[in-house]
2 protein chains.
Amino acid sequence: MAHRRREYGQYCGLAAAMDVIGERWTLLIVRELLLGPRRYNELLEDLPGIGTNLLADRLRTLVELGVLRQRPARDGGRAMAYELTPIGERLRGPVLQLAGWGMSFLGDPQPGATMRPRWGFLAVQALIDPNKVGPVDEDYEFRVDGEVFHVAVRGGRAIAESGAAVDPAFVATTDTATFIQIGSHRLTPFEAVASGRLNLQGERDALIRCSTALGMMDASPAPVSA
Amino acid sequence: MAHRRREYGQYCGLAAAMDVIGERWTLLIVRELLLGPRRYNELLEDLPGIGTNLLADRLRTLVELGVLRQRPARDGGRAMAYELTPIGERLRGPVLQLAGWGMSFLGDPQPGATMRPRWGFLAVQALIDPNKVGPVDEDYEFRVDGEVFHVAVRGGRAIAESGAAVDPAFVATTDTATFIQIGSHRLTPFEAVASGRLNLQGERDALIRCSTALGMMDASPAPVSA
DNA sequence: CTGCATCCGCCTCGATACTG
DNA sequence: CAGTATCGAGGCGGATGCAG
């Protein structure tokens with residue numbers, strides 16, 4: 001059964017947004033769909049602890065509100081996948097900004113915590129500072145625990161895409177934990193290389209340009225103490 | 001009593017953010033504090049329906065996590081006010097983006113809905129598109145249901161501030177509902193003026209520059225049907 | 001097997017009453 | 001004014017059932 005959503009009753013953009021995506025798990029569902037269409041059971045796998053009824057309820061509500069829609073899954077068959085509508089896609093900016101903010105609160109990985117390479121991909125998108133992207137045309141490839149994605153810089157704009165780059169200026173290979181720790185400024189790329197957790201192959205200058213675009217060359221803001 | 005917060009247990013920036021500001025009412029508290037320090041009872045007044053125990057609990061948690069802090073209230077006395085820490089202040093971007101997204105979902109004001117001029121102020125901040133701010137130096141003043149604030153454009157950057165402008169290029173006077181409806185593209189400034197709900201006084205060119213900066217000159221994206 | 005719906009115990013929420 | 005204590009209602013999480 002669909003439940004009646006609790007609403008704030010305020011004539012305000014933020015309150016309206018929270019009425020739509022403010023419930024528990026909702027924004028994490030959007031996060032997964034920002035990486036492409038996803039089937040019900042895949043989402044269930046991506047979000048340990050959600051409970052099948054809640055996922056079904058959230059998906060139904062988001063479809064009703066026009067944030068998501070269903071379409072035939074790519075792998076053929078009669079299976080359906082959920083994907084973002086244009087309205088849902090417009091959540092990319094807010095979600096990435098929130099992710100960037102939240103990375104300050106990431107401590108060391110806890111034993112029980114789930115970790116996925118997918119989230120490293122999102123972390124890269126969140127870290128890209130459009131104002132710091134240089135006027136070059138080149139690609140940077142990342143291999144995180146077996147998943148591959150890249151950042152393509154074209155005409156001063158950087159876009160993160162899944163899959164390998166065609167002719168990457170460098171290739172960075174690492175694991176999810178190290179990757180996210182670098183993104184959250186808890187670890188410098190230098191330290192990660194020194195400890196053998198990060199492998200870099202390619203042009204040195206491109207590495208510096210990429211680090212700058214990702215905000216890794218600033219004086220590191222002290223991580224938040226929990 | 002402080003309650004034990006439910007957490008997602010995912011090593012991901014967004015999940016970490018939601019662990020901090022994902023509970024009900026939390027982001028609306030941040031919204032109020034984005035407009036300056038605020039006392040306990042003021043927040044209670046700003047957020048009808050929150051319940052005093054929840055507010056106390058949220059404030060305590062946010063202070064513990066370093067998002068808020070307490071300081072002596074401006075009006076003297078031994079009263080305390082809550083304000084954002086630098087970490088909390090970094091939520092401005094994400095919150096404004098979410099507010100901009102949520103405005104698409106605002107229908108006509110419902111009878112029971114609360115409306116505050118403060119939120120119109122936030123709507124303006126959310127609407128400013130840095131890429132569309134012209135290379136001029138001028139101020140635009142807004143008077144919404146008695147509250148006054150202005151947008152200051154300096155060197156291609158626009159900043160929204162409370163209070164009157166020194167020498168505004170134009171002054172817009174309206175009510176909260178009209179203001180937010182314009183911001184959510186449910187009403188054009190032209191229609192609002194024609195129906196007498198919006199009064200504009202000042203330079204015509206500045207008006208166009210301001211409308212452009214606030215994204216009012218685009219083809220209006222159709223409002224979302226609920 | 002996928003894609004949910006149902007049931008149940010617990011915890012969060014919201015409202016009211018109370019205190020320094 | 002600034003919270004704390006209490007309690008009913010309901011959202012949440014986990015287990016299980018079930019149809020296509």
Side-chain angles (χ1 to χ4, degrees), chain A residues 1-10 15 18-29 32 37-64 68-83 112 114, chain B residues 1-10 15 18-29 32 37-64 68-83 112 114:
Chain A
M1 271 296 291
H3 76 123
R4 195 179 321 246
R5 293 177 314 115
R6 217 186 301 224
E7 301 191 350
Y8 287 110
Q10 298 183 351
M18 299 314 287
D19 282 340
V20 176
I21 47 82
E23 288 180 309
R24 193 164 164 77
W25 291 109
T26 302
L27 223 45
L28 298 189
I29 294 172
E32 295 304 319
R38 208 84 173 142
R39 297 166 54 168
Y40 183 88
N41 281 344
E42 290 176 317
L43 290 171
L44 218 49
E45 163 71 14
D46 290 332
L47 305 169
I50 189 179
T52 158
N53 55 344
L54 261 204
L55 178 58
D57 191 33
R58 295 289 185 269
L59 290 173
R60 189 185 316 114
T61 303
L62 289 173
V63 168
E64 280 172 12
L68 308 184
R69 66 183 160 216
Q70 286 185 281
R71 57 172 294 171
R74 187 174 305 272
D75 60 8
R78 48 207 161 288
M80 296 293 269
Y82 292 89
E83 71 174 0
T114 316
Chain B
M1 270 298 290
H3 76 120
R4 196 183 320 251
R5 293 177 315 114
R6 210 186 302 222
E7 302 190 349
Y8 287 109
Q10 298 183 352
M18 299 314 288
D19 282 340
V20 175
I21 47 82
E23 288 180 310
R24 195 164 161 75
W25 292 110
T26 302
L27 223 44
L28 297 189
I29 295 172
E32 296 304 319
R38 207 85 173 141
R39 298 167 53 169
Y40 185 88
N41 279 347
E42 291 177 317
L43 290 171
L44 220 47
E45 163 71 14
D46 291 331
L47 305 169
I50 189 179
T52 159
N53 57 342
L54 261 204
L55 178 57
D57 190 35
R58 295 290 185 268
L59 290 173
R60 188 184 317 115
T61 302
L62 289 173
V63 168
E64 279 173 11
L68 308 184
R69 65 181 162 219
Q70 286 184 283
R71 57 172 292 172
R74 186 171 306 273
D75 60 7
R78 48 206 161 288
M80 296 292 268
Y82 292 88
E83 70 174 1
T114 316

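Here is how names work: the chains are called A, B, and so on, in the same order as the sequence lines, proteins then strands, and each is numbered from 1. Owing to the predicted nature of the structure, the values given are computational and were not obtained by experimental measurement.
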Suppose we call a contact any N or O donor and acceptor under 3.5 Å apart; does that hold for the side chain of B:N53 and the base of D:dG3? no
Any B:R5 side-chain N or O less than 4.0 Å from OP1/OP2 of C:dT12: no
At less than 4.0 Å, is any side-chain N or O atom of B:R39 found next to OP1 or OP2 of D:dC1? Yes or no. no
Considering only side-chain heavy atoms of A:R6, which listed nucleotide, D:dG11, C:dG3, D:dG13, is closest? D:dG11
A:D57 CG - C:dC4 P separation (whole Å): 12 Å
Nearest-Å distance, CZ (A:R38) to P (C:dG3)? 12 Å
Heavy-atom donor-acceptor pair, B:T52 side-chain to C:dT16 base, under 3.5 Å: no
Whichever of A:Y8 and A:A81 has the more 5' nearest nucleotide on DNA chain C, that residue is A:A81
Look only at the side chain of A:Y8 and the backbone of B:W25, and say whether a donor-acceptor pair between them is shorter than 3.5 Å. yes
Considering only C:dT12, C:dA5, C:dC13, which nucleotide approaches the side chain of A:A56 most closely? C:dA5
Heavy atoms under 4.0 Å, any strand shown: does A:R58 hit a base, just sugar-phosphate, or nothing? sugar-phosphate
Is B:W25 near enough to C:dG14 that one of its side-chain N or O atoms lies under 4.0 angstrom from OP1 or OP2? yes
Any N/O donor-acceptor pair, B:N41 side-chain to D:dG3 base, under 3.5 Å: no
Euclidean distance, atom CG of residue A:L43 to atom P of C:dC4 [Å, nearest integer]: 11 Å
Heavy-atom nearest pair, A:D46 first then B:Q10, reads O-NE2, 3.8 Å
Atom pair distance, as rounded to whole Å: CG in A:L59 and P in C:dC4: 8 Å
Given atom OH of A:Y40 and atom P of D:dG20, what is their separation to the nearest angstrom? 17 Å
For the backbone of A:G22 and the side chain of A:T26, can you confirm whether one donor and one acceptor N or O come within less than 3.5 Å of each other? no
Rounded distance (Å) that lies between atom C1' of D:dG11 and atom CD of A:E7: 15 Å
Would you please confirm or rule out a distance under 4.0 Å between OP1 or OP2 of C:dG3 and any side-chain N or O of A:R60? no
A:E42 or B:G49: which one's nearest nucleotide on DNA chain C is closer to the 5' end? A:E42
Spacing of A:I29 atom CD1 relative to C:dG3 atom C1', expressed in whole Å: 14 Å
Does A:R24 offer a backbone N or O that forms a donor-acceptor pair with the side chain of A:R58 under 3.5 Å? yes
5'-most contact on DNA chain D (nearest-nucleotide basis), B:M80 vs A:I50, goes to B:M80
Show your working on side-chain hydrogen bond (donor to acceptor under 3.5 Å, both in side chains) between B:Y40 and B:T52 and close with a plain yes or no. CA-CA 9 Å; B:Y40 185 88; B:T52 159; 2.8 Å; yes
Closer than 4.0 Å, any side-chain N/O of B:Y82 to the OP1 or OP2 of D:dG3? yes
B:L44 atom CG is separated from D:dG3 atom P, nearest whole Å, by 10 Å
Applying side chain to side chain donor-acceptor pair (under 3.5 Å) between B:E83 and each of B:R71, B:Q70, B:R38, report the one that passes. B:R71
